[in-house]
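See structure below.
Index from 1, following the sequence.
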Amino acid sequence: MHPDTLSRRTVAFVNIAHALDHFVLLIYPTAVIAIAAERGLDYGALIGLATGAFVAFGLFSLPMGWLSKRLGRRNLLAAFFGGCGVACLGISMTATETGFAVWLFMLGVFSAIYHPIGGAMLVTHARQLGRDLGWNGVWGNLGAASASGVTAVVAATLGWQAAFAVPGLVCLAVGAAFLALVPEDGEGNAQRKGSAGVIPVSRPMVLMGIFALAIIAGGMTFNVTTISLPKVIDERLGLALPLALTGSLATVVFVFGALMQLAMGRMVDRFSLPSIFVGISILQPMGLGLAAMTTGVPMLGGLVMAMAAIYGQVVVNDAMVARYVPAEHRATAFSVRYFLGFTTSGFAVPLIALLHGQGGFAVVLAATAAFGAAIFLCSISFLMVAQPRLNAGNVAAE
């Protein structure tokens, strides 16, 4: 297969995988509203069953860089499609709380494959780094956005079981197409005409430590906000809305994140990454703080601001790995990046349950705003540490 054809197909399937990855993980936070109503169970107890899924999502991302060198990235991405499909079908057929916990854990294990492997594959086959990262982010965001709306509609019309079964079948079908149309990794053949060189820095370990702290805090803001969003709208909008409309409003909020990711992709190709980092990070505590202090339409506006910043930050983080880490270490770097973000954020589910019980979503959102403020402080530190080398002649590399 011609390298250009292989790269185009690889990027296309990596984008689809990103959408499915976020979609399948966010089925349960919306479906749980229907499950709780059907079984007369407490929301906090049921949402807590997803803890294992989100812990596994981060924990099992760590060995993926190592596994990719032995099994191949293409084979691991195929396992992602198949494993997520089977796990979704398993959830749809379970009848016990233990069953939910086990199958959700398995879903987290297979979902963990995507980000370290898909990120490394995308960077390798990208033609224009910022643009391709931006569009890949949009696909992931649309997966997250549509999860709330689609799950709500399907659960309301066909039952919550179908909300898991249909995406499971889609994952299996896409996985079969991927195996048929992408016969190899193509790591040695990919032409990266639009890629930029690695940016040298004088204090890489300091930058790594700052970036790691930002990733950990960002994992909390990302997961607390995305997991709790349908229920936040349900409780704090001030309107008695049916489940389908609540899910649709959550989808609209996610769409703003997709638009921000396109903007971030363009900015990554034009401006300094540390400067972009500062600009996008300040919006998280502002939006989350507004949502915590208000209800109704102002609360919705705060969520829109926060979601746009959270998803825009994802593009910036991936661009940093692509531009500051040498190619031979990127799969491992992506593994560590998502291990830190998603494993730490696995505590988001019990944190939501705990804080919601203490003071509702006002307390949940206020705590999340504090994590957003930590990200902003990290961005200022990153800019200060990276700036001397950038002034030394590396801005051109940006």
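- There is no path of hydrophobic side-chain contacts, each under 4.5 Å, that joins Val224 to Leu213.
- By the 4.5 Å heavy-atom criterion applied to side chains, Met220 and Leu351 are counted as neighbours.
- Taking each heavy atom of Pro274 and Leu383 in turn, the nearest pair found is CB-CD1, 3.7 Å.
- Residues Leu273 and Tyr324 are in side-chain contact: their nearest non-hydrogen atoms beyond the backbone lie under 4.5 Å apart.
- Rounding to the nearest 0.5 angstrom, the gap separating the CZ atom in Phe376 from the CE atom in Met286 is 10.0 Å.
- Between Leu104 and Ala50, the shortest heavy-atom distance links the atoms CD1-CA, 4.0 Å.
- Contact check for Ser335 versus Ser61: no side-chain heavy atoms found under the 4.5 Å cut-off.
- Ile282 and Met305 fall within a single hydrophobic cluster, where Ile, Leu, Val, Met, Phe, Trp and Tyr side chains are chained together by heavy-atom contacts under 4.5 Å.
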Assess whether side-chain contact (heavy atoms from CB on, under 4.5 Å) is satisfied between Cys84 and Ser111, documenting all intermediate values. CA-CA 6 Å; Cys84 288; Ser111 296; 3.6 Å; yes
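- The local environment of CZ in Phe211 is crowded, with over 12 non-hydrogen atoms from other residues, nucleotides or ligands closer than 6.0 Å.
- Residues Leu26 and Ala147 share a closest heavy-atom pair of CB-CB, 3.8 Å.
- In the hydrophobic clustering of ILVMFWY residues, with side-chain heavy atoms under 4.5 Å counting as a link, Phe57 and Leu76 come out together.
- Smallest separation of non-hydrogen atoms from Ala212 and Leu340: CB-CD1, 3.8 Å.
- Asn223 contributes a side-chain N or O that, together with a main-chain N or O of Gly219, makes up a donor-acceptor pair within less than 3.5 Å.
- Under 4.0 Å is where a charged nitrogen must lie from a carboxylate oxygen, and between Arg323 and Asp318 no such pair does.
- No side-chain heavy atom of Asn317 sits less than 4.5 Å from a side-chain heavy atom of Val314.
- At least one side-chain heavy atom of Pro183 sits less than 4.5 Å from a side-chain heavy atom of Leu6.
- For Phe256 and Tyr311, the ring centers are positioned 6.0 Å apart or more.
- Checked options Met121, Arg73, Arg74; the residue passing with Ser68 is Arg73 (criterion: side chain to side chain contact (heavy atoms under 4.5 Å, CB included)).
- Under a 3.5 Å cut-off, the side chain of Asn15 and the backbone N or O of Trp135 do not form any donor-acceptor pair.
- Taking CD of Gln161 as the reference point, atom OG of Ser92 lies at 7.5 Å (rounded to 0.5 Å).
- Two residues are said to be in side-chain contact when any heavy atoms from C-beta on lie closer than 4.5 Å; Leu77 and Phe178 meet this criterion.
- A donor-acceptor pair under 3.5 Å links the side-chain atoms of Asn75 to the main chain of Leu71, judged by distance alone.
- Between the side chain of Arg266 and the main chain of Leu262, no donor-acceptor pair closer than 3.5 Å is present.
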With ring-ring contact (aromatic ring centres under 6.0 Å, His included) as the criterion, how do Tyr114 and Trp139 come out once you've worked through the C-alpha distance, each side chain's angles and the decisive distance to 0.1 Å? CA-CA 13 Å; Tyr114 171 74; Trp139 278 84; over 10 Å; no
Using the rule given for side-chain contact (heavy atoms from CB on, under 4.5 Å), can you reason through Leu89 versus Leu169, listing the C-alpha separation, both sets of side-chain angles and the distance that settles it, and then say yes or no? CA-CA 8 Å; Leu89 292 176; Leu169 294 174; 4.3 Å; yes
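- Leu229 and Val138 are members of different hydrophobic clusters when ILVMFWY side chains are connected at heavy-atom separations under 4.5 Å.
- Within the 4.5 Å cutoff, the side chain of Tyr28 has heavy atoms near those of the Ile35 side chain.
- No side-chain donor-acceptor contact under 3.5 Å links Arg270 to the backbone of Val268.
- Classified by interplanar angle (parallel below 30°, tilted 30° to 60°, perpendicular above 60°), the ring pair Phe277/Phe382 is perpendicular.
- With a 4.5 Å cut-off on side-chain heavy atoms, Thr294 and Leu300 do not count as touching.
- Taking the six-membered ring for Trp, Trp160 and Phe100 have ring centres closer than 6.0 Å.
- Contact record, Ile91 with Leu107: CD1-CD2, 4.1 Å, taken as the closest heavy-atom pair.
- In this structure, the side chain of Thr221 engages the main chain of Gly218 through a donor-acceptor pair within 3.5 Å.
- Side chain to side chain, Ser379 and Ser281 meet the donor-acceptor criterion of an N or O pair below 3.5 Å.
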Test side-chain contact (heavy atoms from CB on, under 4.5 Å) applied to Ile352 and Phe361, step by step: CA-CA 8 Å; Ile352 292 170; Phe361 279 112; 4.2 Å; yes
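- The number of heavy-atom neighbours closer than 6.0 Å to CZ of Phe371, taken from other residues, nucleotides and ligands shown, is 12 or below.
- Considering CZ of Phe339 and CD1 of Ile216, their distance stands at 9.0 Å, rounded to 0.5 Å.
- At distances below 3.5 Å, not a single donor-acceptor pair connects side-chain atoms of Thr94 with backbone N or O atoms of Gly90.
- Expressed to the nearest 0.5 Å, how far CD of Glu184 lies from OG1 of Thr10 amounts to 8.5 Å.
- Between Phe80 and His18, the distance from one ring center to the other does not fall under 6.0 angstrom.
- Taking CG of Leu288 as the start and OG1 of Thr368 as the end, the distance is 6.0 Å to the nearest 0.5 Å.
- Both Leu207 and Ile215 belong to a common hydrophobic cluster when Ile, Leu, Val, Met, Phe, Trp and Tyr are linked at side-chain heavy-atom distances under 4.5 angstrom.
- With rounding to the nearest 0.5 Å, the separation of CG in Leu365 from NE2 in His356 is 10.0 Å.
- The shortest heavy-atom contact between Pro116 and Met64 is CG-CB, 3.6 Å.
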